[in-house]
Structure formats: structure tokens, C-alpha cells
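To start, the structure itself, in C-alpha cells.
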Amino acid sequence: MSLPPLVHTEAGRGRPLVLVHAFPLDRTMWRPQLDGLADVARVIAPDLPGFGGSPPAESWSIDDAADAVANLLDRHGIAEKVVLGGLSMGGYVALAFARRHAQRLAGLILADTRAEADGAEAKAGRDKTRTVALEQGTAAVFEGMKAKALGDTTRSRRPEVVETAAAIADRQPGASTAAAVLALRDRSDATPGLAAIAVPTLILVGSEDAITPQSAAQTMADKIPGAKLVELPEAGHLSNLETPDAFNASVRKFLANGLGS
Ligand code: MLT
């Protein structure tokens, strides 16, 4: 299904670095990267359907979102190959993009995400989350996942980061979150495509990530040829917000040395 055009924010010049946000947030979660990486890349942060400024879609899939990112590049005349990064849900979109638009990729950054599809238990959990989104709104959804979405260190020592993430979630319409839950629940298993990824890949994972733990990152690293795995200390699932300096330093190094010539 073709989605309405995605809204985005960008900063900087040079090689396009597209960053796709997590659930149930929006492009503003990339503020530390828009600010911190604009000297080395053209950082482009889209909003997925119904989040931030992007128009809602009653139903959409992760593959639709990957195509919408490709469409965003077309609309802005970005023909050169991009580095595509995604965190969690954004990582699912990045993996779908790698499968569907491989020729547009210069590199891939998979942060706090996994390749596997949801199992039966996770799918049942999605249905409950969807009900919470529709009946109580996105703030309630985030409240329910907060203890897992942010690492122990962040929750005990960086309350302002917890507040930032919760404030972003609070702005998202419940119906948009409900639609995204279905996209998450019904996404396909990206594992079979990992061996075919032929671009340099950086895998990042917070050492305290309780949603997509190191084991999920390691599985991707084992299967994607030449992938580099970096664990970010004292970061949980939302590692780009929790330890932005370490996150940005890894991305910077990847852009400078990891992409080849
Ligand atoms: C996210 O952070 O995007 C979500 O935790 C992803 C998921 O629930 O699978």
C-alpha cells in the first residue's frame, strides 16, 4: 500500500544519513543526532505514518514504511546512496528497506532492534497494547513500557531523558500508535534476508536494553556479512537518547571508516 508522503526534519550536508524512529515516538527522538552529526552527514529524520507531522494511515505495514522512506528520497531528489539507520521499529523498517531497496543503500545502522518476527506471545501482547492505545492513548502505552524502554542507569541517574521520551510519546495520537502496533505485530521475519545484506552494517545495542537485548543484536551480527557490533554501556533500549555521545561517536566512526571508499 502506498502511504501519504512522510514529513521529515534534516540538518547538515553531505552523505545522506536517514534515521528512522522507534515506537511510539517520532523524529524528535533524533534531536541528539540532528545536532551532533550534522557536521559529518546530511541527517534526515522522517516521521512514520501518524507520528509527529506525518499523515496517519489506518493500516500500514513495515514494508509500506520502507517504501515511504524510498519515496521521501525520491521527492527530495536524493539519488545518491544513503546510510539508513533505524532504532527498534525503525530498525525493522531499515531491514525491510535493505530487502526492498538494496540498490539505494551505502550502509546500514541497526540500533536496538531485532530481525525475528513476533512469536505467539508477543503477538498477544500487541493486541493488549493496541487496546491500551485506543482506550487510554499513547502516554499510557509508553507508561507501560517505560521500565523496559529505558535502562536502569538512565532511570536512576538521568530522569530528564525519561521525561523527554515520555513527552514525545505523549504527543502521539492513540490511533496512530494502534495502527503501528499492527505493523509491528504482523511484520515478517527479516532473518532469511540477513545473509544477503551486502553493505557495511553497524549494529548498536545498549548494554541494558531489555526489549531487544544483546542476543538479538548478536544474531544479526552473526548473519550479516562483515557486520560490526558495538555495545553501548549504561544505555537501555533508547540508546540514542540515553547515551547520545557514545551513540554518535560510533556512528561517526562508521561514517568515517566503516563505509569503504
Ligand atoms: C520500539 O522501540 O520501536 C518497540 O519497542 C519495538 C517493538 O516493540 O517491537
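On a predicted model such as this, the values are computed, not experimentally measured, just so you know. Atoms within each ligand, like the ligands themselves, are counted from 1 in listed order.
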Practice problem: Output yes when a side-chain donor or acceptor of Arg187 lies under 3.5 Å from a complementary backbone atom of Met89, and no otherwise. | Solution: no
Self-check item: Top protein contact for atom 4 (C) of ligand 1, by heavy-atom distance
Solution: Ser88 OG, 3.2 Å
Quiz item: Does an N or O anywhere in Met89 fall below 3.5 Å from an N or O of ligand 1?
Solution: yes
Quiz item: In terms of residue, atom name and distance, what is the protein heavy atom nearest to atom 9 (O) of ligand 1?
Solution: Tyr92 OH, 2.5 Å
Quiz item: Got an N/O contact under 3.5 Å between Phe23 and ligand 1?
Solution: yes
Practice problem: Look at ligand 1 and say whether Arg126 reaches it with a heavy atom at a distance under 4.0 Å. | Solution: yes
Quiz item: Considering His237, Arg187, His21, which one's heavy-atom position lies nearest to atom 5 (O) of ligand 1?
Solution: His237
Practice problem: Verify whether one side chain among Thr28 and Arg171 offers a donor that lies under 3.5 Å from an acceptor in the other. | Solution: yes
Practice problem: Could you verify whether a donor N or O on one side chain and an acceptor N or O on the other, from Thr219 and Asp222, lie under 3.5 Å apart? | Solution: no
Quiz item: Hey, what's the ring geometry for His21 with Phe51, parallel, tilted or perpendicular (30° and 60° as the breaks)?
Solution: perpendicular
Self-check item: Arg75 atom CZ, over 12 foreign heavy atoms within 6.0 Å
Solution: yes
